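In what follows, a single structure is set out as structure tokens and then discussed.
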Amino acid sequence: MRLTIKYFGMLAETTSVSEEQLEIESSSVAKLIVKLKDKYPELNNLDFKIAVDQRLVSNEDHIHAEAEVALLPPFAGG
Amino acid sequence: MEKKKPKNVFREGAISSEFIGTSIAKHQTKTSIGAHNIFLGQVRADSIDDKTITAIEYTAYEDMANQKFHEIRETTFEKFDLTCMHIYHSLGKVNAGEICLFVFVSSPRRKVVFEALEYVVEAIKADVPVFGKEIFEDQTHQWKQNT
């Protein structure tokens with residue numbers, strides 16, 4: 001299934017990508033993270049959270065087709 | 001559950017003292033209010049390894065951030081007896097000494113606004129996907145992280 005992946009802050013800087021489409025076969029957050037770390041090994045050293053359709057999710061959660069996935073580095077508002 | 005579309009909290013660049021002054025003045029017609037409380041976040045010129053921060057460049061996952069601001073707003077109104085609340089956060093470059101966050105809460109009574117303001121500011125720091133690139137005088141940078 002096809003997902004839109006967005007990268008923010010230092011993650012966009014490190015991967016040199018702010019948004020891309022990815023085709024994945026599985027629908028769990030954990031498997032997506034493995035795939036992303038495989039594509040961008042730098043992510044192994046960085047702290048980030050995942051949001052699916054603008055909600056933070058945990059590794060056990062599932063991702064539906066056409067979801068908007070965001071990789072969020074530590075927050076720094078204020 | 002049907003929800004209102006979240007307001008846009010973000011403003012491009014620093015939040016000016018004129019803007020803050022005008023916001024206060026606009027409340028003079030709301031005469032049930034007896035107490036305002038205001039938080040202003042200011043960019044600090046921290047020194048790290050002999051280099052000084054001259055500005056922070058803010059970015060955000062804007063749709064999610066505005067949704068989070070909206071949720072914080074709703075929860076705060078549920079918890080505290082407030083007459084009104086306003087939140088503005090900068091995007092883009094804000095120089096050291098300039099204001100990047102303006103939170104304004106109002107209530108008939110003072111005790112409520114002290115508690116409510118702290119609640120709102122801490123929730124913003126913890127829950128809203130805003131990112132800050134701290135720029136040093138030599139144009140190198142590091143990424144800010146709330147503690």
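Every chain is numbered from 1, with letters handed out A, B, ... down the list of sequences. This one's a predicted model, so the numbers in the text were calculated from it and none came from an experiment.
- A:I24 is connected to A:L36 through a chain of hydrophobic side-chain contacts under 4.5 Å among Ile, Leu, Val, Met, Phe, Trp and Tyr, so both are in one cluster.
- Taking each heavy atom of B:G132 and A:A76 in turn, the nearest pair found is N-CB, 3.7 Å.
- Within 6.0 Å of the NZ atom in B:K93, the count of heavy atoms belonging to other residues, nucleotides or ligands does not exceed 12.
- Closest heavy-atom contact between B:M64 and A:A51: SD-CB, 3.8 Å.
- Counting all heavy atoms, side chain and backbone alike, A:G78 lies closest to B:L101 at CA-CD2, 3.7 Å.
- Heavy atoms closer than 4.5 Å to chain A are found in the backbone of B:A126, but not in its side chain.
- At most 12 non-hydrogen atoms from other residues, nucleotides or ligands lie less than 6.0 angstrom from CD of B:E118.
- Hydrophobic cluster membership differs between B:Y58 and A:L11, with clusters built from Ile, Leu, Val, Met, Phe, Trp and Tyr side chains linked at under 4.5 angstrom.
- Taking the charged nitrogens against the carboxylate oxygens, A:K6 and B:E62 have no contact shorter than 4.0 Å, which rules out a salt bridge.
- Shown here is A:R2, whose CZ atom has more than 12 heavy atoms of other residues, nucleotides or ligands within 6.0 Å.
- A pairwise comparison of heavy atoms in A:P74 and B:F131 identifies O-CD2, 3.7 Å as the closest pair.
- When heavy atoms are compared at a cutoff of 4.5 Å, B:Y61 approaches chain A by way of both its backbone and its side chain.
- To the nearest 0.5 Å, atoms CG (A:L46) and CH2 (B:W143) are separated by 11.5 Å.
- When the shell of 6.0 Å around NZ of B:K51 is examined, it contains more than 12 heavy atoms from other residues, nucleotides or ligands.
- In terms of heavy-atom proximity, A:L72 sits nearest to B:P129 at CD1-CB, 4.2 Å.
- Of the inter-residue distances, the one linking A:D53 atom CG with B:Q67 atom CD reads 12.0 Å to the nearest 0.5 angstrom.
- Follow the hydrophobic side-chain contacts under 4.5 Å out from A:L56 and you never reach B:V130; the two are in separate clusters.
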